[in-house]
> 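Before we start, here is the structure in question, set down as structure tokens.
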2 protein chains.
Amino acid sequence: MVENEEVGNYYENKDRFYVAVDCIIFGFHEDELKLLLIRRMFDPCKGELSLMGGFLNKGESIEAAAERVLQELTGLENVFMEQIGIFGEVNRDPGERVLSAAYYALINSDDYDKVLAESHHAVWVPMKDIPELIFDHNLMVMIALKQLKRKASVEPIGFNLLPQYFTLPQLQTLYEAIFGETLDKRNFRKKVLSMDVFEKTDEKDKSNSKRGAFYYRFDYDKYNALMQNGSHFAL
Amino acid sequence: MVENEEVGNYYENKDRFYVAVDCIIFGFHEDELKLLLIRRMFDPCKGELSLMGGFLNKGESIEAAAERVLQELTGLENVFMEQIGIFGEVNRDPGERVLSAAYYALINSDDYDKVLAESHHAVWVPMKDIPELIFDHNLMVMIALKQLKRKASVEPIGFNLLPQYFTLPQLQTLYEAIFGETLDKRNFRKKVLSMDVFEKTDEKDKSNSKRGAFYYRFDYDKYNALMQNGSHFAL
DNA sequence: CGACGTAAGTGTTATTTTTACACCCATTGA
DNA sequence: TCAATGGGTGTAAAAATAACACTTACGTCG
């Protein structure tokens, strides 16, 4: 056991590693959950599909790096993002030993900078059509989806995938896409509205029906107040 | 955007980082959930309490590093361990920039190598008495406990904290310690036994009562078979 | 050797939550 | 004005959860 060593020496003989971040970027359109992937125009694995990634810089926290990488691709800031872990198998990147911290992000697919994304050769791929990705990216995606499923049922994060104003049919379709199962319309609405954190507007979305569906929005203030009192979000 | 660069160059100008692993080691004795912490006999933060940690080595996966570090302290192998994430704030370690992957482990407090642990100045500290630890270790502990709570209610991992043979009162006390709340004896036993994955033995533990409590063991084969059929563990 | 103390073990009922299920409504465009 | 389409609504059965109190086995001590 090391004792009484000087601080300077302590770290000196340790190995140092490249550290990357990779972003699993979820979006929701056309009633489907999708990932924003990039076609790599550079080595290694030029031409293949991968998650958007980048290297951690000196003086930058890992979280900040993830935010930067997301921003580089989408132009977005202040996005819901959560770490799913670090991947550190020795040969996960065949080029060099690189560790990668994976984060998933939930974005509203209307908002991102399409020109910027295009310059990175980004494409939206439905979850059910995700092909083989480079390195261990498929594993990352799998774990991210699992975490999203769990978390979405217990915390109000799904809304990050929708515009501020959304209809209940839209919300239901979203949750069906996340959970991968169909839900009963009446039970779903009952549950949603019983939480009393959704504010109904007078506006209707008539793009999907003659009758139109009312727009709602999620009321974060009400939500926070309720959480204080020991309530819990559940869908 | 980088295009058509050679592989060799690709990583060359990136920064490299020290990477550590820290272990949140849970144990259960005297009806309490405890952590195995070490009193640091070396700088930085000599004299203070911290998690058991160590540096990632070249050619070693992060998971392997976590297992090694746990083994160095307890002598144990094949222990239940799970990553809780990587911590990468710039100044989390005041000495140098070090990233740390945190893992929690569940061990049976009878089994570890006490001499080895003592040589590292290890001490068991009840969860409710955890003092201020070095760096961001308190944060790690908090997150680990949260994850343990969630996971223990949904997967049969709690048994890792008990000997192979245990009594139902013991099991209940364990879960009460994990969840931080008291449970109804009859409801608890009903739930446990209804899963039909516990095998009752003829032996009794008489250390806590005249009458004695029957020993049970968790039947992993039965459990796996049931999981195939879409059942779920729940406590 | 019998009374006592102690923790182990056992079922039932009320309440809450979850699931299943079918019809009318509002609006537009033909 | 009527046909087509997705939006919106309530109730009853079933399942899960929560609340609750007494008896039993066994060792100890008087």
Side-chain angles (χ1 to χ4, degrees), chain A residues 29-32 149 152-154 162-163 165-177 179-217 226 229-235, chain B residues 29-32 149 152-154 162-163 165-177 179-217 226 229-235:
Chain A
H29 26 167
E30 292 148 10
D31 295 357
E32 281 191 303
K149 274 186 186 175
S153 76
V154 127
L162 295 177
Y165 291 93
F166 52 84
T167 69
L168 295 189
Q170 249 184 303
L171 187 65
Q172 180 174 347
T173 316
L174 169 65
Y175 272 87
E176 289 177 336
F179 296 149
E181 59 186 67
T182 63
L183 302 172
D184 179 89
K185 188 171 32 160
R186 282 179 284 193
N187 293 338
F188 180 79
R189 297 171 75 99
K190 203 189 310 172
K191 221 170 185 179
V192 164
L193 296 175
S194 72
M195 279 187 284
D196 194 37
V197 288
F198 292 85
E199 192 179 293
K200 189 178 183 177
T201 70
D202 296 332
E203 308 292 309
K204 279 186 168 182
D205 167 25
K206 298 206 172 167
S207 60
N208 289 306
S209 73
K210 319 292 171 71
R211 180 180 181 174
F214 283 104
Y215 280 116
Y216 287 74
R217 66 175 198 87
L226 280 174
N229 307 355
S231 299
H232 289 288
F233 182 91
L235 272 186
Chain B
H29 26 166
E30 290 150 9
D31 294 358
E32 281 191 304
K149 274 185 187 177
S153 77
V154 128
L162 295 177
Y165 291 93
F166 52 84
T167 68
L168 295 188
Q170 248 185 303
L171 187 66
Q172 178 173 349
T173 315
L174 169 65
Y175 272 86
E176 288 178 335
F179 296 150
E181 59 185 66
T182 63
L183 302 171
D184 180 89
K185 190 176 24 163
R186 284 179 282 193
N187 294 337
F188 180 79
R189 296 173 74 100
K190 204 189 310 171
K191 222 172 183 176
V192 164
L193 296 176
S194 73
M195 279 188 285
D196 194 35
V197 289
F198 293 85
E199 192 179 292
K200 188 178 181 175
T201 71
D202 295 332
E203 308 293 309
K204 279 185 168 185
D205 167 26
K206 297 204 174 170
S207 60
N208 289 305
S209 72
K210 319 292 168 77
R211 181 179 181 174
F214 281 104
Y215 280 117
Y216 288 75
R217 66 176 199 85
L226 280 175
N229 307 356
S231 299
H232 289 288
F233 182 92
L235 272 186

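Order of the sequence lines fixes the chain letters, A, B, ..., with proteins taken first and strands second; residue numbering starts at 1 for each chain. Just so it is clear, the structure is predicted and the values come from calculations on it, not from any experiment.
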> Please identify each residue that fulfils side-chain contact (heavy atoms from CB on, under 4.5 Å) with A/Ala177, with sequence neighbours left out.
A/Phe28, A/Leu33
> Could you tell me how far apart B/Phe166 (CZ) and C/dA8 (C1') are, to the nearest whole angstrom?
16 Å
> Not counting sequence neighbours, which residues clear side-chain hydrogen bond (donor to acceptor under 3.5 Å, both in side chains) with B/Glu176? List them please.
B/Gln172
> Classify every nucleotide of nucleotides 19-26 of chain C by which part a protein heavy atom approaches to under 4.0 Å, writing B for the base, S for the sugar-phosphate alone and - for neither, in 5'-to-3' order.
BBBB--BB
> So, using side-chain hydrogen bond (donor to acceptor under 3.5 Å, both in side chains) as the criterion, who are the partners of A/Glu181 when residues are at least two apart?
none
> Select from A/Asn208 and A/Leu193 the residue whose nearest nucleotide in DNA chain D is closer to the 5' end of that strand.
A/Asn208
> With a 4.5 Å limit on heavy-atom distance, are the side chains of B/Tyr216 and B/Leu162 in contact?
no
> In whole angstrom, give the distance that lies between atom CZ of A/Arg189 and atom P of D/dG7.
8 Å
> Can you check the A/Gln170 CD to D/dG6 P distance for me, whole Å?
15 Å
> What residues, two or more places apart in sequence or in another chain, satisfy side-chain hydrogen bond (donor to acceptor under 3.5 Å, both in side chains) together with B/Glu203?
none
> Using whole Å, report how far CZ of B/Phe188 lies from P of C/dG9.
12 Å
> Sequence neighbours excluded, which residues qualify as side-chain contact (heavy atoms from CB on, under 4.5 Å) partners of A/Lys210?
none
> Name the orientation class of the two ring planes belonging to A/Phe198 and A/Phe166 (parallel below 30°, tilted from 30 to 60°, perpendicular beyond 60°).
perpendicular
> Which residues satisfy the side-chain contact (heavy atoms from CB on, under 4.5 Å) test with A/Ser207, sequence neighbours excluded?
A/Asp205
> Whole-Å distance between C/dG29 P and A/Lys206 NZ?
10 Å
> End-to-end bend of the helix from C/dC1-D/dG30 to C/dA30-D/dT1 (five-pair axes, 10° rounding)?
10°
> Grab the NZ-P distance between A/Lys200 and D/dG8 for me, whole Å please.
7 Å
> Nearest whole angstrom, please: distance from the C1' of D/dG8 to the OH of A/Tyr215.
17 Å
> Under the rule for side-chain contact (heavy atoms from CB on, under 4.5 Å), what residues qualify as partners of A/Lys191, not counting sequence neighbours?
A/Leu235
